[in-house]
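Every chain is numbered from 1 and lettered A, B, ... according to where its sequence line falls, protein lines coming before strand lines.
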Amino acid sequence: MKKEMQATNVIESKWQKYWEENQVFVAQNDSDKPKYYYLVEFPYPSGAGLHVGHVRSYTALDAMARKKRMMGYNVLFPLGWDAFGAPAEQYAIKNHIHPKKAVEENIKVFKGQVKKLGMSVDWTREFSTTDPEYYKWTQWQFLKFFEHGMAYKAKKNINWCPKCKTGLSNEDSSGGVCERCGTQVEQREKEQWMLRMSDYAQDLIDGLDDTDFQERIKTAQINWIGKSTGAEVDFSIKEIDEKLTVYTTRPDTLYGVTFMVIAPEHPYIEKYASLIKNLDEVKKYQEDTKKKTEFERTQLVKDKTGVKIEGLTAINPINDTEIPIYISDYVMMNYGTGAIMAVPAHDDRDFDFATKFGIKIIPVIEKMTGEKRDNESYKKSIVAVLYDPKTNKYLTINWHEKGGRLFVGGTRKEDEPSLDCAKREIIEETGYTDFELVRTTFPVNHHYFAFNKNKAFEIDCDGFLFELKSDKKQDVNRDEDEIFDVEWVDEETVKKEIKDELHQTIFEYGVRSKAHTEGGKMINSGVLNGLTNKTDSIEKMIEYLKEKGIGREKTNFKLQDWIFSRQRFWGEPIPLVYCEDCGWVPVPEKDLPVRLPDVTEYEPTDDGESPLAKITDWVNTTCPKCGKPAKRETDTMPNWAGSSWYWLRYMDPHNDKEFVSQDALKYWGQLDWYNGGMEHATRHLLYARFWNQFLYNIGLVPYKEPFKVRVSHGMILGEGGVKMSKSLGNVINPDDVIKTYGADALRCYEMFIGDYEKEVSWSEKGLNGCKRFIDRIVRLGDKVIDGTSYSPNIEKIMHKSIKKVTEDIDSMKFNTAVSTLMILLNEMEKEETITKQDYRTLCLLLNPIAPHTTEELNEMYELGEPLCKSSWPTYDETKLVEEEKEIAVQVNGKVRATIKVNINDDEETIKGKAMQEENVIRHTEGKEIVKVIVIKGKIVNIVVK
RNA sequence: GCCUGAGUGGCGGAAUUGGUAGACGCACAGGACUUAAAAUCCUGCGAGAUUCAACCCUCGUGCCGGUUCAAGUCCGGCCUUAGGCACCA
């Protein structure tokens, strides 16, 4: 019975129409079935149309949604449009049409494309963030923030894009360039609406514990929030009666403070200007800093700059030492207190600064080398590195077998200053007399065991770097046991041959000239002296600071408040009115939404006001409170606003009384599975979680965390692993692919292409392979005969395949789900005939990935009711058990044969079978069998000697 | 620099609690069908040594070492790479 299949496009539109007309994918808000909510980030409907990257994540979620429905769930799988934002506005400015129109057109194109892919979306819940019925509730929720004191207006030094003429959040200007147009961002002071997001920093970290996000997403969020723990310390200033408070994560290094640095914007400069003797110089530095962009200030600067403030002197509260104060742009006003205590010995930045400005460096932590032992004898010693700049070599002492290569070293005599000791040792051991000190290195705390003396030692060692001036030498006077050669070697040899950890470390310190930022033994530190554990030292110091009232424990976050204003036309108007008498007054709920006016001019003004500011009819209004003339806020909300609650609206999209009904919120609960790009792992996801946590705290939503699972798909690159881009001409248009290969082949290919979470390259050949797979599925229909059970040869693999595909789709291992079906198809093709039942189950399993073809085959061969209304196939565990299995026989861990074993075989039988194998005999002959390991159903390993 | 992943054939990638490494697909080679091509079907396909051929053997999951009867998988130390954070004190 040969049947002819209709053309792919005919079948596809036929079933798409069927699904729509029969409302198969419409989710019910009241249902006895268990609920499941899948969501893929709604797209920005750009003019470019759908990308193959969209197809990947949409198909993945669609496959999971289709399968869940067949498993008896009430599935919510909606889609909508995130349509506010710059591109539509730019387009409108250029063409003088309302952005609304451009958006409408783009949505039409996008929706058509998504439908052509056969997505099982519930279109009855579709909306766009630009619909007044939707943004009414975005505005309403903003007013909730306002009412609860979570929104405030503040003068902010903001990132300003001179081309877009708008303020940008830190998030929108990462790297110092405008996210949208790539222009260098400037600093500008502006009144902005802010949301108190930093209040939620800790909650946003804690909340992650209640979610099941991918690890990389959690980490990205935690990094972004940037929590650090440490202490605040109050330094007094000699000349004034006010403290200078700093934030530090290393209070344990307080004794090593040799200067302080305040940010150029620090308020004390203004406040105590009269006391600053070099005010002009300081002011000039402030001006220079302002001109620098955030990017230059944070990314490009390698050289430290700064100015010492003459006339203000800080006092270290721990030891009453007087220390200078500098201003420098490496200290930021918006983090911590805008002031730091500088410990050049143990912080790289402070070290650089101190080196450049010639400030004292006091080490308070000694690196510990070697291994600590009991009953150590203590001594003090030195290591001296002598460098000859003429030959670029270092002076070493080669003990050969007796101790290898070392620098000059020695034990300090009682009360001998270490520098004297170093000089003496060089002269005594090598004879060189004409050299000069370059620098003293950090000391090292070293532990070692002297075998010749059978004794353990602890030494505190000072290190020195000297430079040779001339070859002048005197006779050496060595002890009898001092048998070594004096050799000049290059740096490479030093690194290779000097094995002693102490000498290595001193060399590093001397030559590299870097701060010692790791832990070690506390020195020069009063109460902390001798401690060797960093955490203990910090704790003890904080206790001490608290006791003395000069400091306290403190946690800081990098996460800042959310700048919520944009000076743009195409965004949600901020629903506030400014009245001379009443101040900022919310627009009453009955007057929401505050609609965008219908005009034709959208250019931002040159002074940075929103385009709305020019529309006087719209701006002028009356105060909702006192009725006097008042003005509307002309700033609009950022693009992130509409996407910060949209998943809630899908639960109840047509409600005109509430943003979402409480019943709907309770029924749908948390979003079970949220998919989106890695580029949204920080910003969008943090904004959305913050928004939801706020709604939860004021009792508007039942869950604190909105998303249970968050996964990110990998990007699809062009062939050869380069990014798809218009300029490279390697962009794949899904419409073209559907035309040539069909939607099912495209879906199947994108699921088979590789690990869902990883980046993959597009391959036309691979796509063709999947097309072949679909064609073979169709051709298999020729073999179908009546039958309501599985064919005997197929039964076992059928149950196995059902199990595998069921598990794989749920865990997003689509590539192995497809390959399982390929294997199943290969097996079925070997049969003369297959039953309807065989074929129907194959179609059911493939349906989530290739829904059109499988529905058609199901109908064509009269296999049963439409697949979209059918149940997901089940498997029988007992059918999975293999009666007979081939297992490997190893000899000493190497596979030497395979044997067939029965499920009932006991160990002795299996062992017997294994020992009979010719190749096993060959490898065991004449050898002693130590033991035989038999793992039932898996492996036999024979160990011989 | 810090934090998270990831490194397996020519390529995309499989491999359960450690138990036959390379499933499945692509590419390639040979063959069948065809006047021919496309399509389709069959066979082979990690590297090397050996052989007429087959069996058989050696090596092989980024590198070095360890645990184990047995390591892609576990442990320690590196290297490379992708992403996140970054003068954040």
inquiry  = Would you measure the distance from the C1' atom in B:U35 across to the matching atom in B:G13 and give it in whole Å?
reply    = 42 Å
B:A6 pairs with, by Watson-Crick or G-U criteria that keep both distances under 3.5 Å = B:U80
ask   = Mapping A:Thr682 and A:Ser228 to their closest nucleotides on RNA chain B, which lands nearer the 5' end?
value = A:Thr682
remark   = By the Watson-Crick or G-U definition, both distances under 3.5 Å, B:C59 is matched with B:G46
ask   = With a 4.0 Å cut-off on heavy atoms, is A:Ile753 in touch with a base, just the backbone sugar-phosphate, or nothing at all?
value = sugar-phosphate
request  = Answer yes or no: does a side-chain N or O of A:Asn768 lie under 4.0 Å from OP1 or OP2 of B:A27?
outcome  = no
key: Ring-ring centroid check A:Tyr749 A:Trp762, cutoff 6.0 Å   = yes
message = Would you say A:Asn815 places a side-chain N or O within less than 4.0 Å of OP1 or OP2 belonging to B:C24?
response = no
query = In the structure shown, which nucleotide is the Watson-Crick or G-U wobble counterpart of B:C41, with both distances under 3.5 Å?
reply = B:G31
task = Verify the contact: side-chain N or O of A:His923 to OP1 or OP2 of B:C56, cut-off strictly under 4.0 Å; return yes or no.
result = no
request  = Provide, to the nearest angstrom, the distance between the CG atom belonging to A:Asn892 and the C1' atom belonging to B:A70.
outcome  = 10 Å
message = Taking the C1' atom in each of B:G7 and B:G60, what is the distance between them to the nearest angstrom?
response = 15 Å
side-chain N/O A:Tyr335 vs B:A89 OP1/OP2, d < 4.0 Å = yes
request  = Scan A:Glu215 against the nucleic acid and name what it touches under 4.0 Å (heavy atoms): base, sugar-phosphate only, or nothing.
outcome  = sugar-phosphate
request  = Would you mind classifying the nucleic acid contact of A:Asp348 as base, sugar-phosphate or nothing, using non-hydrogen atoms under 4.0 angstrom?
outcome  = nothing
request  = Indicate yes or no for a side-chain donor-acceptor contact from A:His713 to the backbone of A:Ile716 under 3.5 Å, with no hydrogens or angles considered.
outcome  = no
request  = Measure up the A:Trp562 and A:Tyr687 rings against each other and bin them: parallel (under 30°), tilted (30 to 60°), perpendicular (over 60°).
outcome  = parallel
inquiry  = Using atom C1' in both nucleotides, what's the gap between B:G5 and B:A29 to the nearest angstrom?
reply    = 38 Å
ask   = Among B:G84, B:U20, B:A89, which nucleotide sits nearest the side chain of A:Val895?
value = B:U20
request  = Check every strand shown and say whether A:His346 touches a base, only sugar-phosphate, or nothing at a heavy-atom separation below 4.0 Å.
outcome  = nothing
task = Have a look at A:Gly226 and say if it touches a base, only the backbone sugar-phosphate, or nothing, with a 4.0 Å heavy-atom cut-off.
result = nothing
request  = For A:Thr248, report the nucleic acid contact type (base, sugar-phosphate, nothing); a contact means any heavy atom under 4.0 Å.
outcome  = sugar-phosphate
inquiry  = Whole angstroms only, please: what is the CZ-C1' distance between A:Phe752 and B:A23?
reply    = 10 Å
inquiry  = Roughly how many Å apart are B:C74 and B:U68, using the C1' atom of each and rounding to a whole number?
reply    = 10 Å
ask   = Atom CD1 of A:Ile823 to atom C1' of B:A15: distance rounded to whole Å?
value = 12 Å
task = Could you check how far NZ of A:Lys800 sits from P of B:A14, rounded to whole Å?
result = 19 Å
message = Looking at B:G22, which nucleotide sits across from it as a Watson-Crick or G-U wobble partner, both distances under 3.5 angstrom, or is there none?
response = none
inquiry  = Pairing donors with acceptors under 3.5 angstrom, does anything connect the side chains of A:Thr8 and A:Tyr741?
reply    = no
inquiry  = Using whole Å, what does the distance between atom P of nucleotide B:G5 and atom CE of A:Met715 come to?
reply    = 21 Å
message = Say we look at B:G22 and B:C45: how far apart would their P atoms be, to the nearest angstrom?
response = 12 Å
query = Between atom CD in A:Glu719 and atom C1' in B:A27, what is the gap in whole Å?
reply = 12 Å
ask   = Rounding to the closest angstrom, what is the interatomic distance between B:A70 and B:A15 at atom P?
value = 25 Å
request  = Between B:C69 and B:G83, how far apart are the C1' atoms? Round to whole Å, please.
outcome  = 41 Å
ask   = Taking the six-membered ring for Trp, are A:Phe353 and A:Tyr330 parallel (under 30°), tilted (30 to 60°) or perpendicular (over 60°)?
value = tilted
ask   = With sugar-phosphate meaning primed atoms plus P, OP1 and OP2, does A:Asn826 contact a base, only sugar-phosphate, or nothing at under 4.0 Å between heavy atoms?
value = sugar-phosphate
task = Identify, between A:Arg779 and A:Lys765, the residue whose nearest nucleotide on RNA chain B lies closer to the 5' end.
result = A:Lys765
task = Mind checking A:Asn941 for me? I need base, sugar-phosphate or nothing, with any heavy atom below 4.0 Å counting as a touch.
result = base
inquiry  = Distance check needed: B:A14 C1' versus A:Asp755 CG, whole Å only.
reply    = 11 Å
query = Between A:Phe357 and A:Tyr326, is the ring centre distance below 6.0 Å?
reply = yes
message = Over all strands shown, is A:Glu886 touching base, sugar-phosphate only, or nothing at heavy-atom distances under 4.0 angstrom?
response = base
ask   = Does a side-chain N or O from A:Lys894 land closer than 4.0 Å to OP1 or OP2 of B:C69, or not?
value = no
task = Rounded to whole angstrom, note down the C1' distance from B:G25 over to B:C79.
result = 32 Å
In B:G31, glycosidic geometry as syn within 90° of 0 or anti otherwise = anti
request  = Examine distances only and state if a side-chain atom of A:Asp561 and a backbone atom of A:Ser198 form a donor-acceptor pair shorter than 3.5 Å.
outcome  = yes
query = To the nearest Å, how far apart are A:Lys558 NZ and B:A89 P?
reply = 6 Å
request  = Using atom types as modelled and distance alone, determine if a side-chain donor or acceptor of A:Arg747 lies under 3.5 Å from a backbone N or O of A:Ile849.
outcome  = yes
message = Please pick, from B:U20, B:C3, B:C87, the nucleotide with the shortest atom-to-atom distance to any side-chain atom of A:Asn223.
response = B:C3
inquiry  = Any base atoms under 4.0 Å from A:Ile933, or only sugar-phosphate, or nothing? Heavy atoms, all strands.
reply    = base
message = Does a side-chain N or O of A:Arg776 approach OP1 or OP2 of B:U40 to a distance below 4.0 Å, or not?
response = no
query = Would one find a side-chain N or O of A:Arg896 under 4.0 angstrom from OP1 or OP2 of B:U58?
reply = yes
task = Output yes when a side-chain donor or acceptor of A:Lys879 lies under 3.5 Å from a complementary backbone atom of A:Lys796, and no otherwise.
result = no
